[in-house]
Amino acid sequence: MKIVPASPADAPAIANILTGWIAATPWMPRIHTRASEKCFARMLVDRGWTMVARDGGRTVGFLSRDGAEVHALYLSPAARGKGIGKALLDEAKTARSQLSLFAFQANKGACRFYRREGFIEEFRTDGAGNDEHLPDIRFNWRAAL
């Protein structure tokens, strides 16, 4: 498995991973069209925010980060539970001494993962500030001094 900067050729796989996660998550509302998800994936790549995990040449996960703000971390179903999400997050941690992100409160697995990886809950919201209107949690991580 390799972690590399995303290229435009990765955008379709990134969109497929994101779309697949939304489709497989019962509590997640579908608020964007497939076309807008493809545009979103291209934007993440074009802005230089995204690292991808490749396994055997296939894109199996991605992490998008603007400075210290992690905007997305998603894996294909086959890539979960294999340390790939941790590897993507560890790469982001080497680039920054502090990271922040939001995770939906309903995404219990992601919240456990971030806590296990040293993220501390800063606050919770009722979801009024996100597109999905789902309650979320703000997490922060700081490198040890």
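If you're wondering where the values come from, they're calculated on a predicted model, not measured in any experiment. Residue numbers run from 1 in the order of the sequence given.
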Participant: Does Arg96 have any side-chain hydrogen bond (donor to acceptor under 3.5 Å, both in side chains) partners at least two apart in sequence or in another chain, and if so, which?
Facilitator: none
Participant: Could you tell me which non-hydrogen atom of Ala11 sits nearest to which non-hydrogen atom of Arg42, and how far apart they are?
Facilitator: CB-CG, 3.7 Å
Participant: Taking C-beta and beyond as the side chain, do Asn130 and Phe104 meet within less than 4.5 Å on heavy atoms?
Facilitator: yes
Participant: Run the side chain to side chain contact (heavy atoms under 4.5 Å, CB included) test on Val60 and Leu75 for me, step by step, so that the C-alpha distance in whole Å, both residues' side-chain angles and the decisive distance to 0.1 Å come before the verdict.
Facilitator: CA-CA 6 Å; Val60 296; Leu75 304 175; 5.9 Å; no
Participant: If two hydrophobic side chains count as joined below 4.5 Å and joins carry through other members, does Met51 share a cluster with Trp141?
Facilitator: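 Yes, Met51 connects to Trp141 through the hydrophobic network.
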Participant: Run Asp66 and Arg47 through side chain to side chain contact (heavy atoms under 4.5 Å, CB included) and show every step you take.
Facilitator: CA-CA 9 Å; Asp66 180 19; Arg47 289 188 178 176; over 6 Å; no
Participant: So do the side chains of Trp21 and Asn107 get within less than 4.5 Å of each other, counting heavy atoms only?
Facilitator: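 The answer is yes, as the side chains (C-beta and beyond) meet within the 4.5 Å cut-off.
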Participant: Please collect all ring-ring contact (aromatic ring centres under 6.0 Å, His included) contacts where either partner lies in residues 80-100, sequence neighbours excluded, each pair once.
Facilitator: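 Residue pairs passing ring-ring contact (aromatic ring centres under 6.0 Å, His included), neighbours aside: none found.
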Participant: Once you round to the nearest 0.5 Å, how far does CZ of Phe40 lie from CD1 of Ile14?
Facilitator: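 Separation between the atoms: 10.0 Å.
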Participant: Look at the side chain of Gln105 and the backbone N and O of Thr125, then say whether any donor-acceptor pair between them is shorter than 3.5 Å.
Facilitator: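 Pair found, side chain donor or acceptor close to backbone of Thr125.
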Participant: Rounded to the nearest 0.5 Å, what separates atom OH in Tyr74 from atom CD1 in Ile17?
Facilitator: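 One gets 11.5 Å once the value is rounded to the nearest 0.5 Å.
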Participant: Applying ring pair (Phe, Tyr, Trp, His ring centres under 6.0 Å), name anything that partners His133, two or more places apart in sequence or on another chain.
Facilitator: none
Participant: Could you pull out the closest heavy-atom pair between Ile137 and Cys111, with the gap in Å?
Facilitator: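 What the structure gives for the nearest pair is CD1-SG, 3.9 Å.
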Participant: Taking only residues two or more places apart in sequence, or in another chain, which ones meet Thr33 in a side-chain hydrogen bond (donor to acceptor under 3.5 Å, both in side chains)?
Facilitator: Ser36
Participant: Give, for atom SG of Cys39 and atom CG of Leu44, the distance between the pair rounded to the nearest 0.5 Å.
Facilitator: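 CG of Leu44 is found 11.5 Å from SG of Cys39.
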Participant: For a 4.5 angstrom cut-off between non-hydrogen side-chain atoms, does Pro29 reach Leu134?
Facilitator: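 Yes; the side chains approach each other to less than 4.5 Å.
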Participant: Listed by chain and number, what are the side-chain hydrogen bond (donor to acceptor under 3.5 Å, both in side chains) partners of Glu122, not counting sequence neighbours?
Facilitator: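 Only Asn140 meet the side-chain hydrogen bond (donor to acceptor under 3.5 Å, both in side chains) criterion with Glu122.
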Participant: If you group Ile, Leu, Val, Met, Phe, Trp and Tyr by side-chain heavy-atom gaps below 4.5 Å, do Tyr114 and Ile120 land in one group?
Facilitator: no
Participant: Checking Ser64 side chain against Ala72 main chain: does a donor-acceptor pair fall under 3.5 Å?
Facilitator: no
Participant: If the condition is ring pair (Phe, Tyr, Trp, His ring centres under 6.0 Å), which residues does Phe139 pass it with, not counting sequence neighbours?
Facilitator: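 Testing Phe139 for ring pair (Phe, Tyr, Trp, His ring centres under 6.0 Å), a comparison that skips the adjacent residues, returns none.
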Participant: For residues 50-59, which residue pairs pass the salt bridge (charged side-chain N to carboxylate O under 4.0 Å, His left out) check, not counting sequence neighbours?
Facilitator: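 Found Asp10-Arg54.
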Participant: Shortest non-hydrogen contact from Leu88 to Val52?
Facilitator: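 Distance-wise, the nearest heavy atoms are CD2-C, 4.1 Å.
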Participant: Answer whether the closest heavy-atom distance between the side chains of Thr19 and Arg30 falls below 4.5 Å.
Facilitator: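 A side-chain contact under 4.5 Å exists here.
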Participant: The criterion is side chain to side chain contact (heavy atoms under 4.5 Å, CB included); which residues satisfy it with Ala92, sequence neighbours excluded?
Facilitator: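 For Ala92, the residues satisfying side chain to side chain contact (heavy atoms under 4.5 Å, CB included) (neighbours in sequence not counted) are Leu63, Arg65, Leu99.
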Participant: Is there a side-chain contact between Leu73 and Phe113, using heavy atoms and a 4.5 Å cut-off?
Facilitator: yes
Participant: Ser97: what forms a side-chain hydrogen bond (donor to acceptor under 3.5 Å, both in side chains) with it, not counting sequence neighbours?
Facilitator: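 Result, side-chain hydrogen bond (donor to acceptor under 3.5 Å, both in side chains) vs Ser97: none returned.
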Participant: Going from CZ on Phe123 to CG on Asp136, what distance comes out if it is rounded to the nearest 0.5 angstrom?
Facilitator: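 Answer for the CZ-CG pair, Phe123 versus Asp136, is 8.0 Å.
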Participant: Quick one: which residue pairs count as a salt bridge (charged side-chain N to carboxylate O under 4.0 Å, His left out) with a foot in residues 14-25, not counting sequence neighbours?
Facilitator: none
Participant: Check whether any side-chain heavy atom of Ile22 sits under 4.5 Å from a side-chain heavy atom of Glu132, and report yes or no.
Facilitator: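 The answer is no, as the side chains (C-beta and beyond) never meet within the 4.5 Å cut-off.
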Participant: What's the separation between atom OG1 in Thr50 and atom CE in Met43, rounded to the nearest 0.5 Å?
Facilitator: 8.0 Å
Participant: Suppose the criterion is salt bridge (charged side-chain N to carboxylate O under 4.0 Å, His left out): which pairs have a residue in residues 67-90, not counting sequence neighbours?
Facilitator: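 Of all non-adjacent pairs touching residues 67-90, those that pass salt bridge (charged side-chain N to carboxylate O under 4.0 Å, His left out) are Glu69-Arg138, Lys86-Asp90, Lys86-Glu117.
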Participant: Report yes if some heavy atom in the side chain of Val70 is under 4.5 Å from a heavy atom in the side chain of Phe119; otherwise report no.
Facilitator: no
Participant: Which pairs count as salt bridge (charged side-chain N to carboxylate O under 4.0 Å, His left out) when at least one residue sits in residues 105-114, sequence neighbours excluded?
Facilitator: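 Passing the test, one end in residues 105-114: no pairs.
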Participant: Would Met1 end up clustered with Leu89 when hydrophobic side chains under 4.5 Å apart are linked, directly or stepwise?
Facilitator: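 Yes.
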Participant: ring-ring contact (aromatic ring centres under 6.0 Å, His included) with His71: which of Phe62, Trp49, Phe102?
Facilitator: Trp49
